[in-house]
Participant: 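Structure incoming, see below.
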Amino acid sequence: MCNPRDDWGFGPGLPFGRWWTGAWQAGGKGARRRSQMFESGEVKFVILRLLKEKPRHGYEVIKALEEKLGGYYTPSAGTVYPTLQLLEDEGYVRAVETEGKKVYHVTPEGDRYLEQHRDVLEEILDRVRETVRDFTGGGIGELQGAFVHLAGVTFKRAWRRGPEDPALKRVAAILRKAADEIQQTWGGRAAEPGGSGAEQAS
């Protein structure tokens, strides 16, 4: 059922997921919406699938879920750890003390439970994919694609050229000018000389 390389349909296309989540949450309403990515009782199926791919301790579960979901959802410790305890109480996972941490392994009972509820799990993931697609569609999808391209032509080449390459200052000036133009498009004012448009964001 589970392929360890499976990106769950979110991964490679969302390289700016974590950054975008932070920006979205900074607006105030995003944090509440993202915390409701799963309905009550659903996250245990997702965590069980994650542990079927490989054993993990609690913090690894949190980070792996964030990565699997393209950065658009970061579960809280208050969600993950009680769910792991519940799965352990139900006999679906067992905790093994490893280097001072509890590492959770799926049990044969957990394998059977996951297989029996395969359709439930796929319905959950299909709905979450739809939620993410709705958020990244249209103009926002175009914007994110432009960021991906910008990163590719900027940072990758900059690292290859090294810190003393004279082209770096010219590229930095181009980026500052672009930031100012973007800020003006949003209705703000351009940055002062030596600053950046992002500093003037409201």
Participant: Which residues satisfy the side chain to side chain donor-acceptor pair (under 3.5 Å) test with R157, sequence neighbours excluded?
Facilitator: none
Participant: Looking at side-chain heavy atoms only, is the closest gap between H117 and L48 below 4.5 Å?
Facilitator: no
Participant: Compare every heavy atom of V80 with every heavy atom of P75, then report the nearest pair and how far apart it is.
Facilitator: CB-CG2, 3.7 Å
Participant: Side-chain heavy atoms under 4.5 angstrom apart, residues restricted to Ile, Leu, Val, Met, Phe, Trp, Tyr: same cluster for V103 and L65?
Facilitator: no
Participant: Would you mind reporting whether I47 and L87 have side-chain heavy atoms less than 4.5 Å apart?
Facilitator: yes
Participant: Check step by step if salt bridge (Lys or Arg N to Asp or Glu O under 4.0 Å) holds for E115 and R112.
Facilitator: CA-CA 5 Å; E115 184 63 27; R112 286 194 292 271; over 6 Å; no
Participant: What pairs with A172 under side-chain contact (heavy atoms from CB on, under 4.5 Å), at least two apart in sequence or on another chain?
Facilitator: R176
Participant: Please report the closest heavy-atom contact between L50 and A64, naming both atoms and the distance.
Facilitator: CD2-CB, 3.7 Å
Participant: Give me the atom names and distance for the closest heavy-atom approach of E109 to G91.
Facilitator: CB-O, 3.7 Å
Participant: Output every pair passing salt bridge (Lys or Arg N to Asp or Glu O under 4.0 Å) with a member in residues 73-91, not counting sequence neighbours, ordered by first then second residue.
Facilitator: K44-E90
Participant: With rounding to the nearest 0.5 Å, note down the distance linking CG in L121 to CZ in R118.
Facilitator: 10.0 Å
Participant: Between K63 and E60, does at least one N-O distance fall below 4.0 Å, as a salt bridge requires?
Facilitator: no
Participant: Among all residues two or more places apart in sequence or in another chain, which pass the side-chain contact (heavy atoms from CB on, under 4.5 Å) test with P82?
Facilitator: none
Participant: Measure from the side-chain N and O atoms of T107 to the backbone N and O of G110, and report whether any donor-acceptor pair falls under 3.5 Å.
Facilitator: yes
Participant: Who else is in the cluster with L175 when I, L, V, M, F, W and Y are joined by side-chain contacts under 4.5 Å?
Facilitator: L150, V171
Participant: Can you list the residues that meet the salt bridge (charged side-chain N to carboxylate O under 4.0 Å, His left out) rule with E42, with sequence neighbours excluded?
Facilitator: R127
Participant: Under the side chain to side chain donor-acceptor pair (under 3.5 Å) rule, collect the residues that match up with T79, sequence neighbours excluded.
Facilitator: S76
Participant: Is there any ring-ring contact (aromatic ring centres under 6.0 Å, His included) pair reaching into residues 158-179, and which pairs are they, with sequence neighbours excluded?
Facilitator: none
Participant: Not counting sequence neighbours, which residues clear side-chain contact (heavy atoms from CB on, under 4.5 Å) with A167? List them please.
Facilitator: R161, D165, R170
Participant: How close do L168 and A158 get, heavy atom to heavy atom, and via which atoms?
Facilitator: CD2-CB, 3.7 Å
Participant: Going through the checks in order, is the side-chain contact (heavy atoms from CB on, under 4.5 Å) test met by L84 and K102?
Facilitator: CA-CA 10 Å; L84 288 169; K102 279 188 174 182; over 6 Å; no
Participant: Roughly how far apart are I62 CD1 and E67 CD, rounded to 0.5 Å?
Facilitator: 14.0 Å
Participant: State yes or no: do Y113 and V120 share one hydrophobic cluster built from I, L, V, M, F, W and Y residues joined by side-chain heavy-atom distances below 4.5 Å, directly or via other members?
Facilitator: yes
Participant: For R49, which of I124, L114, V106 qualifies under side chain to side chain contact (heavy atoms under 4.5 Å, CB included)?
Facilitator: L114
Participant: Which atom names give the shortest non-hydrogen contact between R56 and V61, and what distance separates them?
Facilitator: CB-CG2, 3.9 Å
Participant: Partners of Y104 by ring-ring contact (aromatic ring centres under 6.0 Å, His included), sequence neighbours excluded?
Facilitator: none
Participant: Please name the pair of heavy atoms, one in Y59 and one in Y81, separated by the smallest distance, quoted to 0.1 Å.
Facilitator: N-OH, 3.2 Å
